[in-house]
Amino acid sequence: MAKIDDSVKKKVPELRFPGFTDDWEERKLGDLGSVAMNKRIFKEQTSDVGDIPFYKIGTFGGTPDAFISRDIFEEYKSKYQYPEVGDILISASGSIGRTVVYQGYDEYFQDSNIVWLKHDQQLDNSFLKQFYSIVKWQGLEGSTIKRLYNKNILETKITLPSPEEQAQLGSFFKQLDDTIALHQRKLDLLKEQKKGYLQKMFPKNGAKVPELRFAGFADDWEERKLGEVSNIKTGSSDLQDATDNGEYPFFVRSEKIERSHRYLFDGEAILIPGEGRLGEIYHYINGKFDFHQRVYKISNFTDFKVSGMYILYYMQHNFKRHALKFTVKATVDSLRLPMLTDFDIKIPLEEEQTKIGSFFKQLDNTIALHQRKLDLLKEQKKGFLQKMFV
């Protein structure tokens, strides 16, 4: 790829494939095509099961919950507008601008909410797909309108090169998208595997041992209360104690970890928010830290001869169910101290606890590694889009 000198740059991207020198041309999407959509399907024409999936805006890009008959499908497909393989379908309401590439399957789409640009060979669909990921729709910027009308689409400006350069750009980004999708699938699989292990490596209700166990362990697990095997307290700090460049982690009521210039605690602890997404957010630390007054600290594990890492994964396994059952309902779901202290927890011998905690920690490290790779790829794509589009 060739980098373009800013001093001679006109309507060309900063980064470009060799062999292309012509300026890119600014047009409107309406100059290049027209908005198309499927013929309207009425609710009485749909069913919960059937031959042909019917995608509404809520299921677009996901799993259909409605179907139409093959007879209607064949009739409407032959008489009215229908996408061609490779056409880029766009969500025109809700989460505006989501895209799905039509792959040629027998399926139907909700009119006006799911549309596509019907165009000629001046536009390459693989290029258009990437353009949609960075487009600023005409008339929508700064607007509270949650609908993309045909006029918004047709009046939107696009700067494009020759079809040959479009195709090369589209191919480059498709390979990048495929790599991102592959890493996403690997990450999703690892998360599902962890979920499966959490279900199998801790005893089910009423059971004294888990379904899956490390070799060499046979004793029944002991049932205790979380408050009997740890010390549980809320913090005393406020958000004003958070800084942009603090040396120490400051745990708040979200997944984000703020920073602080001071620390009030030093040691091993599990931190969980006391409100909001109960039983979904956990932080584990072994070091210097501080935490917000609406966060709970679970600690002092060695005093009770238990593994903090084991407690962490046991809570990930089934504390959410307990928390939602006993939550204090207000504007947001909220925890109270007895909900934590009275939480039933089953505990094996220390050696088995350590093995279980170590196993899930390694799995978490692998998940985090794949997440970092995925995030890096997404950042790389963002950078390429900025440099390779005008």
Side-chain angles (χ1 to χ4, degrees), residues 191 194 198 224-320 322-323 327-328 332-343 345 347 350 353-372 375:
K191 288 180 177 179
K194 179 184 174 181
L198 285 171
R224 304 287 295 277
K225 300 288 186 184
L226 182 61
E228 295 174 344
V229 295
S230 66
N231 180 270
I232 307 170
K233 290 183 177 179
T234 53
S236 58
S237 299
D238 206 331
L239 281 175
Q240 64 186 11
D241 297 312
T243 64
D244 292 333
N245 58 353
E247 181 181 354
Y248 305 106
F250 179 65
F251 297 97
V252 294
R253 294 165 293 175
S254 71
E255 289 174 314
K256 183 181 178 184
I257 302 175
E258 302 284 353
R259 309 299 298 180
S260 176
H261 286 304
R262 69 175 189 179
Y263 71 90
L264 297 182
F265 305 93
D266 187 359
E268 183 184 31
I270 299 166
L271 291 306
I272 64 170
E275 59 190 30
R277 293 165 50 199
L278 300 189
E280 293 184 18
I281 301 171
Y282 299 88
H283 296 288
Y284 175 87
I285 188 167
N286 198 346
K288 298 177 175 67
F289 67 96
D290 193 10
F291 64 107
H292 186 257
Q293 58 194 247
R294 287 300 296 127
V295 172
Y296 286 94
K297 174 175 70 75
I298 307 166
S299 61
N300 295 76
F301 305 112
T302 53
D303 295 350
F304 299 94
K305 294 183 171 54
V306 294
S307 161
M309 196 71 72
Y310 170 82
I311 300 294
L312 170 70
Y313 292 112
Y314 192 95
M315 293 188 72
Q316 285 187 16
H317 163 54
N318 67 0
F319 180 70
K320 180 180 179 180
H322 169 83
T327 182
V328 178
V332 292
D333 289 336
S334 180
L335 280 178
R336 293 292 181 266
L337 185 61
M339 295 164 60
L340 284 161
T341 56
D342 293 342
F343 174 57
I345 186 164
I347 301 178
E350 266 192 276
Q353 290 179 47
T354 301
K355 283 209 168 197
I356 292 169
S358 179
F359 171 81
F360 280 107
K361 177 59 177 171
Q362 289 179 17
L363 192 52
D364 270 352
N365 288 342
T366 305
I367 289 171
L369 177 64
H370 280 269
Q371 185 68 63
R372 286 194 296 272
D375 292 342

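Computed from heavy atoms alone, side chains included, the values below leave out hydrogens, waters and symmetry copies.
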Got a list of side-chain donor-acceptor pairs under 3.5 Å for residues 227-236, not counting sequence neighbours?
| from | atom 1 | to | atom 2 | distance (Å) |
| --- | --- | --- | --- | --- |
| Glu228 | OE1 | Arg224 | NE | 3.2 |
| Glu228 | OE1 | Lys225 | N | 3.1 |
| Ser230 | OG | Leu226 | O | 2.8 |

is_close_aromatic(Phe289, Phe265), centroid dist under 6.0 Å: yes

Interatomic distance, CG@Leu312 vs CD1@Ile356, rounded to 0.5 Å, equals 12.5 Å

State, yes or no, whether a side-chain contact exists between His261 and Asn245 at a heavy-atom distance under 4.5 Å. yes

Who pairs with Tyr313 by ring pair (Phe, Tyr, Trp, His ring centres under 6.0 Å), at least two apart in sequence or on another chain? Phe360

With the side chain counted from C-beta on, respond yes when Leu369 and Arg372 share a heavy-atom pair under 4.5 Å apart, and no when they do not. yes

With Gln316, which residues qualify under side-chain hydrogen bond (donor to acceptor under 3.5 Å, both in side chains), at least two apart? Lys194

Decide yes or no for Asn318 and Phe343: does some side-chain heavy atom of the first lie under 4.5 Å from some side-chain heavy atom of the second? yes

Where is the tightest heavy-atom contact between Ile272 and Phe319, given as atom of each residue plus distance? CD1-CE2, 4.0 Å

Minimum side-chain heavy-atom gap Phe251-Ile257 below 4.5 Å: yes

Any residue meeting ring pair (Phe, Tyr, Trp, His ring centres under 6.0 Å) with Phe301, in chain and number order, not counting sequence neighbours: none

What's the spacing between Lys320 NZ and Ile281 CD1 if we round to 0.5 Å? 10.5 Å

Heavy-atom side-chain contact between Tyr284 and Glu268 under 4.5 Å: yes

Note: Leu278 and Ala323 closest approach over all heavy atoms is CB-CB, 4.1 Å

Short question: side chain of Glu258, backbone of Ala242 - any donor-acceptor pair under 3.5 Å? no

Set of side-chain contact (heavy atoms from CB on, under 4.5 Å) partners for His370, sequence neighbours left out: Lys186, Leu187, Leu190, Thr366

In residues 290-299, what donor-acceptor pairs under 3.5 Å come from side-chain atoms, sequence neighbours left out?
| from | atom 1 | to | atom 2 | distance (Å) |
| --- | --- | --- | --- | --- |
| Asp290 | OD1 | Ser237 | OG | 3.2 |
| Asp290 | OD2 | Ser237 | OG | 2.6 |
| His292 | ND1 | Arg294 | N | 3.0 |
| Gln293 | NE2 | Ser237 | O | 3.3 |
| Arg294 | NE | Glu275 | OE1 | 3.4 |
| Arg294 | NH2 | Gly274 | O | 3.1 |
| Arg294 | NH2 | Ser334 | OG | 3.3 |
| Tyr296 | OH | Leu335 | O | 3.3 |
| Tyr296 | OH | Leu337 | N | 3.3 |
| Lys297 | NZ | Ser299 | OG | 3.0 |

Would you give the length of the straight line joining atom OG of Ser254 to atom CD of Glu280, rounded to the nearest 0.5 angstrom? 13.0 Å

Heavy-atom pair of closest approach, residues Ile347 and Gln353: CG2-NE2, 3.0 Å

Please round to the nearest 0.5 Å and tell me the distance separating atom CG of Asp266 and atom NZ of Lys288. 4.5 Å

In plain terms, say whether Glu255 and Arg277 are close enough for a salt bridge, that is, a side-chain N and a carboxylate O under 4.0 Å apart. yes

Answer whether the closest heavy-atom distance between the side chains of Ile345 and Val306 falls below 4.5 Å. no

Between His322 and Leu340 (side chain of the first, backbone of the second, donor and acceptor by atom type, cut-off under 3.5 Å), is there such a pair? no

